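Reading through the structure tokens given below for one structure.
These numbers were taken from a predicted model, which means no experiment stands behind them.
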Amino acid sequence: LYKLGGVSSKALHKFKTDAKVAGKASFAYAWVLDQHAEERSRGVTMDVGTNFFETRSRRFVLLDAPGHKDFIPNMITGAAQADAAVLVVPAKPDEFEDAFSEAGQTREHATLLRSLG
């Protein structure tokens, strides 16, 4: 979003500074879409965040849907509005396998996304 002009350098600098002060420096880019104070303090997306970027011929609207199991209804709401989805999965050893286990959250998200088309 930053490289496409959807986020100003001033705003990105503020997110980085605020995240570092809050002890969550690695969350700075997440804060572009996580606008609520509670989301930022807890470190989880709770509501569907939106932003957009444009190319010469198209406008893309991004929906950042929650991944935490407590907010599955919000994830479904966001996913139901989408024409396409990108499911971000953990890549660390063991975390990837846990995410796709019987009780894994990523497995549940993949199933829900598939059922929504």
Side-chain angles (χ1 to χ4, degrees):
L1 286 173
Y2 171 70
K3 288 183 179 182
L4 295 169
V7 179
S8 70
S9 58
K10 182 179 178 179
L12 187 58
H13 178 46
K14 181 171 178 12
F15 291 140
K16 287 180 178 182
T17 303
D18 291 349
K20 188 173 183 178
V21 167
K24 298 183 180 293
S26 65
F27 287 74
Y29 289 96
W31 285 13
V32 170
L33 294 171
D34 288 344
Q35 297 292 318
H36 303 291
E38 188 175 0
E39 290 179 311
R40 292 178 177 184
S41 67
R42 291 179 62 178
V44 295
T45 300
M46 298 166 62
D47 201 3
V48 178
T50 60
N51 207 319
F52 71 93
F53 65 91
E54 296 181 67
T55 66
R56 289 188 193 120
S57 59
R58 299 217 189 271
R59 177 184 167 115
F60 293 88
V61 177
L62 300 176
L63 302 171
D64 178 26
H68 192 275
K69 65 182 177 181
D70 291 345
F71 306 108
I72 292 293
N74 295 352
M75 178 267 181
I76 294 169
T77 300
Q81 298 175 51
D83 293 324
V86 175
L87 182 62
V88 179
V89 300
K92 291 182 180 178
D94 296 328
E95 286 184 16
F96 179 84
E97 291 77 9
D98 288 345
F100 282 98
S101 69
E102 279 293 320
Q105 198 63 38
T106 304
R107 181 182 185 143
E108 182 177 6
H109 288 307
T111 302
L112 288 169
L113 288 172
R114 183 169 183 238
S115 69
L116 291 170

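- Listed by chain and number, the residues in a side chain to side chain contact (heavy atoms under 4.5 Å, CB included) with Ala19 are Ala28, Trp31 (sequence neighbours excluded).
- Distance CD/Glu39 to CG/Leu33: 9.5 Å, rounded to 0.5 Å.
- Linking ILVMFWY side-chain heavy atoms closer than 4.5 Å, directly or via other members, places Val61 and Val32 in two distinct hydrophobic clusters.
- With rounding to the nearest 0.5 angstrom, the CG atom of Asn51 is 8.0 Å from the CD atom of Gln35.
- Residues in residues 3-12 take part in no side-chain hydrogen bond (donor to acceptor under 3.5 Å, both in side chains) pair, two or more places apart or across chains.
- Residues Val48 and Leu116 fall into different hydrophobic clusters, defined by Ile, Leu, Val, Met, Phe, Trp and Tyr side chains chained together at heavy-atom separations under 4.5 Å.
- Under the 4.5 Å side-chain criterion, counting only non-hydrogen atoms from C-beta, Arg40 is not in contact with Phe27.
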Sequence neighbours excluded and cut-off under 3.5 Å, please list the side-chain donor-acceptor pairs for residues 88-101, or say none.
unit_1	atom_1	unit_2	atom_2	d
Glu97	OE1	Asp94	N	2.8
Ser101	OG	Asp98	O	2.9
Ser101	OG	Gly104	N	3.4

Would you be so kind as to tabulate the donor-acceptor pairs closer than 3.5 Å made by side chains of residues 62-78, with sequence neighbours excluded?
unit_1	atom_1	unit_2	atom_2	d
His68	ND1	Asp70	N	3.0
Asn74	ND2	Met46	O	2.5
Thr77	OG1	Pro73	O	3.0

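- Screening residues 106-117 for side-chain hydrogen bond (donor to acceptor under 3.5 Å, both in side chains), with sequence neighbours left out, gives Glu102-Arg107, Gln105-Glu108.
- Note on residues 16-28: pairs passing side-chain hydrogen bond (donor to acceptor under 3.5 Å, both in side chains), not counting sequence neighbours, are Lys14-Asp18, Lys16-Tyr29.
- Tyr2 and Phe60 fall within a single hydrophobic cluster, where Ile, Leu, Val, Met, Phe, Trp and Tyr are joined by side-chain heavy atoms under 4.5 Å apart, directly or via other members.
- Across Ala85 and Leu113, no two heavy atoms sit closer than the pair CB-CD2, 4.0 Å.
- Across all their heavy atoms, Phe53 and Leu1 have their closest contact at CD2-CD2, 4.1 Å.
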